[in-house]
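Notes for the one structure printed next.
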Amino acid sequence: MRLATWNVNSVKARLPRLLPWLAETGPDVLCLQETKCPDGAFPVTEVGALGYQVASHSDGRWNGVAILSRVGLDDVRVGFTDEPGFPEPEARSISATCAGTRVWSIYVPNGRTTDSPHYRYKLDWLAALRTALGDELRAGAPLVVCGDFNVAPTDADVWDPALFVGSTHVTPAERDALARLRALGLRDVVPTPMKGPHPFTYWDYRAGMFHQNKGMRIDLVYATEDFADRVTAAYVDREARKGKSPSDHAPIVVDISE
DNA sequence: ATGCCGCACTAAGTGCGA
């Protein structure tokens, strides 16, 4: 099975990139984030023509997550128990069972700055996610959490750690929240960079950040041991960040043996 | 060359992203 995750920064704007990418890469399951697509406007016909079922969760202009699958899409759940909001819960989590694996697509709140209420919201959201995942892991099925975690796990996951001192995405509290997810039994499936030493997944649109490879690894794949042990390859598809009208994130592609 | 911000909403200006 081939699984992928991609923050597309608007599924509508990215459709001319998404459709050929699906046809060429052929993931069996694709987790999307920042679809920015109102309910009912998701291009289900276009991706359906490529053989994919869609489960999406939207709140209009911002956020939005989805799962595309051509190997089944059952027991879809939007959000999770006791999910924090700002003030109301936003469209940041959707999960489904695909070919026997519980798949989550998540878009963690940005946090903005460490003195912002959005930062508290981010930490609370990650803590509640941990609780919800812990509950689901007791069921014992293989599980994988994919998405834009908005946290760089280590200093090697940002292009210049000195520039990030005092910023969100790198604080001990955020990294501890990730460590607590791993402590549930989830393993960080680190992709191959394809170029350079760092498997960055995000490069700002501005100032030529991509061509200087000044990026961050903030899109992650966290998998249960039984799933992670079956991973045969994982890579960052930098090609999708090139060319006309790309997302500012690149997809991660993971191959798993049956 | 991978190339110097883009998206949504709405109608030029703002909010957001990390």
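We name chains A, B, ... by the order of the sequence lines, and we start the count at 1 in each one.
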A:Asp237-A:Trp21 side chain donor-acceptor pair, cut-off 3.5 Å: yes
Here's a test of your reading of the structure: between A:Gly208 and A:Pro109, which maps to the more 5' nucleotide of DNA chain B? A:Gly208
By the 4.0 Å heavy-atom rule, please label A:Asn63 as base, sugar-phosphate, or nothing. nothing
May I have all residue pairs that pass ring pair (Phe, Tyr, Trp, His ring centres under 6.0 Å) and include part of residues 187-208 of chain A, sequence neighbours excluded? A:His198-A:Phe200, A:Tyr202-A:His249, A:Trp203-A:Phe210
I need the CZ-C1' distance between A:Phe210 and B:dA18, as an integer number of Å. 17 Å
Tell me, please, which residues at least two apart from A:Asp226 pass side chain to side chain contact (heavy atoms under 4.5 Å, CB included). A:Pro142, A:Thr224
Of all the heavy-atom pairs spanning A:Arg241 and A:Asp248, show the shortest one and how long it is. NE-O, 3.3 Å
Pick the closest DNA chain B nucleotide for A:Gly243 and for A:Pro38 by heavy atoms, then say which residue is nearer the 5' end. A:Gly243
A:Asp204 near the nucleic acid: base, sugar-phosphate alone, or nothing, with a heavy-atom cut-off under 4.0 Å? nothing
Describe the nucleic acid contact of A:Thr168 in one word from base, sugar-phosphate, nothing, applying a heavy-atom distance below 4.0 Å. nothing
Whether A:Arg112 contacts B:dG17 is assessed here as follows: a side-chain N or O lying under 4.0 Å from the phosphate OP1 or OP2. Is that the case? yes
Is A:Phe149 touching bases, backbone alone, or none of the nucleic acid, heavy atoms closer than 4.0 Å? nothing
Rounded to whole angstrom units, what separation is found between the NE2 atom of A:His169 and the C1' atom of B:dC16? 12 Å
With sugar-phosphate meaning primed atoms plus P, OP1 and OP2, does A:His249 contact a base, only sugar-phosphate, or nothing at under 4.0 Å between heavy atoms? sugar-phosphate
